[in-house]
J.: 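Pasting a structure here, questions to come.
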2 protein chains.
Amino acid sequence: MAEDSTSVVRFEPIQTRRAFEEICQRIREQVAEGRLKPGDKLPAERDLAQQLGVGRNALREALRSLEIAGIVRLRKGVKGGAFIREGDGGRMNQVVQDMFSLGSITVDELTEARLHIQELVVRLACARAADADFDALAANIDGTEEVTRSGDFLKRVECSREFYALLAAATGNDVLSMMVASLTEILMKFVYARVAAGGHPQPRLVEKRRDFLAALRARDADTASRLMKSHLESVHRLLKETPAGGRKAGPQPAGRARRASA
Amino acid sequence: MAEDSTSVVRFEPIQTRRAFEEICQRIREQVAEGRLKPGDKLPAERDLAQQLGVGRNALREALRSLEIAGIVRLRKGVKGGAFIREGDGGRMNQVVQDMFSLGSITVDELTEARLHIQELVVRLACARAADADFDALAANIDGTEEVTRSGDFLKRVECSREFYALLAAATGNDVLSMMVASLTEILMKFVYARVAAGGHPQPRLVEKRRDFLAALRARDADTASRLMKSHLESVHRLLKETPAGGRKAGPQPAGRARRASA
DNA sequence: TGCATTTAATGGTAGTACCATTTAGCATAA
DNA sequence: TTATGCTAAATGGTACTACCATTAAATGCA
């Protein structure tokens with residue numbers, strides 16, 4: 001509209017690619033094309049910097065970025081270096097956590113998404129779970145019962161985390177597993193904070209888990225789904241009742257959130 | 001078990017936290033506790049490095065990590081600096097892409113997850129979409145029809161991406177939107193590559209979209225879900241038929257994946 | 001006023017030096 | 001021979017300096 005009378009041609013704004021971006025992209029390409037596979041080792045920093053014709057600083061910033069992204073792992077000492085990592089689903093947890101910290105997503109959105117995706121997982125697991133999956137879940141529930149008797153509620157939260165992970169693994173779909181794990185992870189932090197603050201833990205947890213597993217073993221997807229939904233809703237209800245587990249500018253339950261100054 | 005006869009006390013392996021990790025954590029805490037909000041500016045690198053008692057290198061590596069994580073944005077020049085960013089759902093795309101590059105997830109897992117989560121989105125959107133959402137979708141379909149007539153199939157892929165984004169936005173749940181967007185994004189890259197290679201684009205796309213929107217407007221979740229499922233299955237079938245869109249060590253469709261050497 | 005120039009702040013990069021860690025190799029002693 | 005300790009080299013981690021490029025405010029000039 002308000003164009004100058006200079007010319008009709010448009011010039012794309014030239015974006016000065018920073019050195020570390022270029023380096024990152026090149027290494028990512030090598031990985032995507034399969035020339036770099038998990039376990040492979042990149043040249044030493046000093047050598048690679050010279051090969052690329054950049055300073056060691058720029059290269060290190062690139063490697064640091066790749067490390068944060070979970071692409072490489074850096075090890076010190078001789079025989080150390082930058083190694084291509086196996087894919088780690090835990091990266092998504094950090095993304096979700098960051099989105100929450102920045103206020104882009106709310107607890108309600110997280111709980112709703114979890115409720116629905118977890119139902120998917122239950123139905124898929126119900127259809128596909130093998131005996132080994134059932135056994136692993138049963139063992140997990142036994143462990144939960146034990147730590148419940150011991151009164152170590154923090155460990156019980158860990159058992160819950162593992163329970164959902166095992167259930168997701170039974171679907172055989174790592175993408176769904178990863179997603180449900182990231183949702184479970186962040187909401188578990190609230191449960192963890194609640195229990196650590198002395199809140200009442202979920203009652204009758206072991207019984208509910210056993211009922212659920214029975215439905216799963218019977219391949220009764222409707223019942224299993226209903227039980228899971230009911231349980232999650234009660235958990236989420238408890239979370240909302242917790243004053244510390246409020247809505248906006250939520251606490252980082254795992255951090256040392258002391259909030260000393262104003 | 002095979003314990004030495006030294007002592008019974010166990011020593012936890014001390015993990016030397018690197019400087020940039022400590023810095024990252026501190027800034028992340030400030031964000032999580034709400035003391036740093038989107039738009040806020042961090043001190044200049046030289047000042048902040050001195051405040052923290054670290055070299056500028058270490059601080060820059062921390063800032064670089066936070067930039068990659070989407071927490072801060074760095075701007076040059078006077079009045080530049082490190083600014084806390086708004087949450088960006090695009091981060092999850094990169095995570096999924098990296099997982100795929102590293103071979104941790106497959107196209108089949110992605111398509112399956114997409115199929116199911118997209119159905120969730122359809123049902124939620126069907127129940128909640130407002131008139132503005134319907135209008136936006138209708139406008140998108142009109143645009144799709146136009147670019148289809150123009151024969152610009154690449155632009156049509158962009159329209160499809162926007163279509164799914166609008167549909168997801170109609171759910172009002174940013175978490176689900178983000179997840180379905182990340183799945184759509186990576187699979188769209190394969191569609192993009194396929195079309196760019198001269199493959200036949202999806203036929204009758206606009207008609208199918210119009211039928212779907214009609215069902216959505218009628219709040220007919222079953223029909224809308226069925227139409228979406230049918231469409232996605234046909235798209236995914238086309239992807240599997242594409243020789244370039246194979247399985248293992250998949251290509252990075254958007255990159256310059258020429259695969260010169262063996 | 002309005003345009004051009006200068007200036008200062010800031011991120012981006014290169015380079016050097018040194019520290020800390022890790023592994024391998026060698027040497028010494030039991 | 002075996003075990004222990006020492007030495008050396010490779011490598012990532014960090015600090016410091018210097019300089020460049022970019023940006024926007026301040027200044028100067030017409």
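This structure is a prediction, so every number in the text was calculated from the model and none was measured. In what follows, chains carry the letters A, B, and so on, assigned in the order in which the sequence lines appear, proteins first and then strands, with residues in each chain numbered from 1.
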J.: Remember a base hit wins even if backbone is also touched, and classify Arg75(A) as base, sugar-phosphate or nothing at under 4.0 Å, heavy atoms.
T.: sugar-phosphate
J.: How many whole angstroms separate atom CZ of Arg18(B) from atom C1' of dT21(C)?
T.: 13 Å
J.: Regarding dG12(C), can its base be found pairing with the side chain of Arg17(A) as donor and acceptor, where the two atoms are less than 3.5 Å apart?
T.: no
J.: Between Gly77(A) and Phe20(A), which has a closest nucleotide on DNA chain C that is more 5'?
T.: Phe20(A)
J.: If you check every side-chain atom of Val78(B), which of dA9(C), dG11(C), dT11(D) has the closest atom?
T.: dA9(C)
J.: For Arg46(B), what residues pass the salt bridge (charged side-chain N to carboxylate O under 4.0 Å, His left out) criterion, not counting sequence neighbours?
T.: none
J.: Mind checking whether Arg64(B) and Phe20(B) have side chains closer than 4.5 Å, heavy atoms only?
T.: no
J.: Just checking, any donor-acceptor pair under 3.5 angstrom between side chains of Glu29(B) and Gln25(B)?
T.: yes
J.: Check the distance between dA24(C)'s C1' and Lys79(A)'s NZ and give it to me in whole angstrom.
T.: 9 Å
J.: Can you find a heavy atom in the side chain of Glu162(A) that is under 4.5 Å from one in the side chain of Leu137(A)?
T.: no
J.: Whole angstroms only, please: what is the CD-P distance between Glu45(A) and dT13(C)?
T.: 16 Å
J.: In whole angstroms, how far is the P atom of dG15(C) from the CG atom of Leu52(A)?
T.: 13 Å
J.: So, Thr171(A) side chain and Val121(A) main chain: donor-acceptor pair closer than 3.5 Å or not?
T.: no
J.: Between Phe190(A) and Phe100(A), is the gap from one ring center to the other below 6.0 Å?
T.: yes
J.: Round to the nearest Å and state the distance from Arg46(A) atom CZ to dG15(C) atom P.
T.: 14 Å
J.: Determine the contact category for Arg64(B): base if any of its heavy atoms lies under 4.0 Å from a base atom, sugar-phosphate if only primed atoms, P, OP1 or OP2 are that close, otherwise nothing.
T.: sugar-phosphate
J.: Could you state the atom-to-atom distance from NZ of Lys41(B) to P of dA24(D) in whole Å?
T.: 13 Å
J.: Quickly work out the Phe83(B) CZ to dT10(C) P distance and round it to whole Å.
T.: 10 Å
J.: Can you check the Arg73(A) CZ to dG12(D) C1' distance for me, whole Å?
T.: 13 Å
J.: Any donor and acceptor pair, going by atom type alone, linking the side chain of Asp98(B) with main-chain N or O of Val95(B) inside 3.5 Å?
T.: no
J.: Using a cut-off of strictly less than 4.0 Å between a heavy atom of the residue and any atom of DNA chain C, enumerate the qualifying residues of residues 53-61 of chain A by number.
T.: Gly53(A), Val54(A), Gly55(A), Arg56(A), Asn57(A), Ala58(A)
